[in-house]
Amino acid sequence: RKEVEQDPGPFNVPEGATVAFNCTYSNSASQSFFWYRQDCRKEPKLLMSVYSSGNEDGRFTAQLNRASQYISLLIRDSKLSDSATYLCVVGASGGYQKVTFGTGTKLQVIP
Amino acid sequence: GAVVSQHPSRVICKSGTSVKIECRSLDFQATTMFWYRQFPKQSLMLMATSNEGSKATYEQGVEKDKFLINHASLTLSTLTVTSAHPEDSSFYICSAREYGSNQPQHFGDGTRLSIL
């Protein structure tokens, strides 16, 4: 089993739709969780950290389910500019924590 | 926000040349820096992790004598691709992170390396 697993997609959704991605992780001792987005031929950019109680940033909501070992990202009112690959990142505990990237979920928002 | 600067952004050179890529954290102390490689339409592949002042830890299959990493200060890490060949052509991306739990990585803009 991979350390971090994501559905590669692509998810093709119309503008204005709500879309959700899940990401599962295998290490129950994982302590830090992030979502990044990566545009084609560009570097990944931090979208948001994921906190235990869940957190929201505008149209984006991230949730953590430790019991089932997954994190989710919900995007409401999708925009064309949301089209990108979304990377799930999971980190171990400790100051020099090792992080593991998922392979990414591709989202295509269609006009 | 945290800024990571990576240079050069694009390199085209002949086979056999050694290429040096710099990664700098501009407004924070990067105790840990990472080097990734990404081939077209593939996911990021971690090459090595370096903590400031220590030798880099290389991932399996990555030749440490081929990809020399130096992380001598809290704001600078370098990756040198020695005697580069066409198969080394790729998108190389660095990231940097401050010490502490729950610190995210911040990425440089990447270096597109083309070996002729």
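As a basis for the values below, the full set of heavy atoms in this structure was taken, side chains included, without hydrogen atoms, waters or symmetry mates. Here is how names work: the chains are called A, B, and so on, in the same order as the sequence lines, proteins then strands, and each is numbered from 1.
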Visitor: Would you give the length of the straight line joining atom CD of A:E15 to atom NZ of A:K79, rounded to the nearest 0.5 angstrom?
Guide: 7.5 Å

Visitor: Taking the side chain as every heavy atom from C-beta outward, state whether B:E63 and B:Y58 have any pair of such atoms under 4.5 Å apart.
Guide: no

Visitor: Below 6.0 angstrom between ring centroids: does that apply to A:Y25 and A:F33?
Guide: yes

Visitor: Taking atom types as modelled and ignoring hydrogens, do the side chains of B:Q105 and B:Y36 form a donor-acceptor contact shorter than 3.5 angstrom?
Guide: yes

Visitor: Going by distance alone, is a donor N or O of one side chain under 3.5 Å from an acceptor N or O of the other, for B:S77 and B:R24?
Guide: no

Visitor: Among side-chain atoms of A:T61 and A:R76, is any donor-acceptor pair under 3.5 angstrom?
Guide: yes

Visitor: Tabulate, in ascending numerical order, the residues of residues 39-60 of chain A having at least one heavy atom closer than 4.5 Å to a heavy atom of chain B, or enter 'none'.
Guide: A:R41, A:K42, A:E43, A:P44, A:L46

Visitor: Testing the 3.5 Å rule here: is there a donor-acceptor pair between the side chains of A:E3 and A:T100?
Guide: yes

Visitor: Just checking, any donor-acceptor pair under 3.5 angstrom between side chains of B:S9 and B:D109?
Guide: no

Visitor: Under 4.5 Å, heavy atom to heavy atom, which residues of residues 37-44 of chain B contact chain A?
Guide: B:Q38, B:S43, B:L44

Visitor: Is it true that the side chains of B:Q6 and B:T111 contain a donor and an acceptor less than 3.5 Å apart?
Guide: yes

